[in-house]
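First the structure, in the form of structure tokens, and then the observations on it.
These numbers come from a predicted model, not from an experiment. Letters A, B, ... mirror the listed sequences (proteins, then strands); counts begin at 1.
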Amino acid sequence: MRSLIDIVDLTVEEIEGLITTALDIIDDPKKYSEVCRGKKLATLFFEPSTRTRLSFEAAMYELGGNVLSVSSGASSSASKGESIADTAKVVSCYADIIAMRHPKEGAPMVAAMNASVPVINAGDGGHNHPTQTLADILTIYREKGKLDHLAVGFCGDLKFGRTVHSLIRALSRYEGIKIVLISPEELKLPSYVKKDVLQKEGIPYEQTTDLLSVMPELDVLYMTRVQKERFFNEEDYLRLKDSYILTPDKLCGAKSDMSILHPLPRVNEIAVAIDSDPRACYFKQVLNAKYMRMALILKLLGLEAEK
Amino acid sequence: MNIDSIKNGLVIDHITAGRGMELYRLLGLDVLCRDCSVALINNVPSRKMGRKDIIKIDTDVEINTDIIGFVDPGVTVNLIKDSMIVEKKQISLPEKLTNVIFCKNPRCITSTEQELPHIFRLTDPEGKIYRCIYCETKAEIK
């Protein structure tokens, strides 16, 4: 029984397999519409989320399965003091697979250690969010036709941005990747990610505070939101929240086929005027997330569409 | 200085000089060995190390060798039976530590789930870096 807690739990070959399944689902959704008939997904969300929970639920419904849902910690037994371990054991009796989001880092891992069904980490605090990374990977693949030999820029909150850490780890396994880190000093990529991932894998990278100077070299620009919920101190949040805002004039020096990604929700870091630019891929990412979650659910349940 | 040799028990040898008392405390020998003799010998001349500490325990108690490996890798633990060394173990850095060090990250699940064991994994043997298995926070080692 497999769970997905961290993106590196999946090998490059397994990610390729998920991409293949996702592309097949996009090509022929009807073929997959009954594959999960009789199966139930429990979405245990102990932290506010709209898109991730709905994405998982839509994914399961489109596979013909059903969904059991807990949408906040306050409405669950967690508010009575039930441990994650007990919750996982109990929910395993009702559902065939669990997707869990929790504000505490490591909570889905504890659930996976105690559940008797697969657990998918749907985000644990500022730590990991592997299914967002799967969505990012499918988006890059569909836009660029490859995952190697790309210059990928990450802009905004690189310190607390879990999606950034996960995507850097995932991309570091492909050849010819160059990483460009664009952030204010206070929100730089943590040194352990640089040391354990970029330096260890020999990935060339550069750090800058100037987005415009690096824009021309980027194949992909991954924008992030400065997340209020990750700060202990509101003053710091207010000071840094508007650090990088992407506007149409800033795209002047960018490649004509550069892809702009964002894990969403955005606040103001990408101007709405960019939405109509063909380089904007963030709403495609939302759709790709659903397809990758469908592919992942099938993989973890050991199910395949009939050929 | 003479300390009697032991008939049955353990000799924790090649402890870095000055670390014997720390190990004594971390191994909980004050509690484990309430009814037996324990000798902590500091600054013993050593050909290999210059000076070293030694702990002799006059009974066969079960000690957590992960603690020894974490605090002072390179220590030797000798098991003595009928006044003979029957087993000699050189203790290296353990791959995993359970409830030896504790995660200080307030965002970690261990901060709210009191029953969870605090488990750290050795992620960089050269740098002696351990990270929490739940949140990957680096262990703070004094």
Option among B:Leu116, B:Thr110, B:Ile133 that satisfies the side-chain contact (heavy atoms from CB on, under 4.5 Å) test with A:Val110: B:Leu116
Any side-chain heavy-atom pair from B:Arg131 and A:Asp196 closer than 4.5 angstrom? yes
Check: A:Glu105 side chain, B:Tyr134 main-chain N or O, donor-acceptor pair, under 3.5 Å: no
In a check of side-chain contact (heavy atoms from CB on, under 4.5 Å) between B:Ile109 and each of A:Met109, A:His102, A:His127, which one passes? A:His102
Less than 4.5 Å to any heavy atom of chain B: does that hold for the side chain of A:Lys200, its backbone, both, or neither? neither
More than 12 heavy atoms of other groups within 6.0 Å of B:Asp35 CG: no
Taking the side chain as everything from C-beta on, heavy atoms only, tell me whether A:Lys104 gets closer than 4.5 Å to B:Asn105. no
Hey, does B:Glu136 have a side-chain heavy atom less than 4.5 Å from the side chain of A:Asn128? yes
Please indicate whether A:Arg266 has more than 12 foreign heavy atoms, meaning atoms of other residues, nucleotides or ligands, lying under 6.0 Å from its CZ. yes
Residues A:Ala85 and B:Glu113: closest non-hydrogen pair is N-OE1, 4.4 Å
Distance (rounded to the nearest 0.5 Å) between B:Thr137 OG1 and A:Tyr192 OH: 7.0 Å
Other residues, nucleotides, ligands: >12 heavy atoms within 6.0 Å of B:Lys138 NZ: no
Going by the rule salt bridge (Lys or Arg N to Asp or Glu O under 4.0 Å), which residues pair with B:Lys52 if we only count those two or more places apart in sequence or in a different chain? B:Asp13
Crowded around A:Tyr94 OH? As in, over 12 foreign heavy atoms under 6.0 Å? no
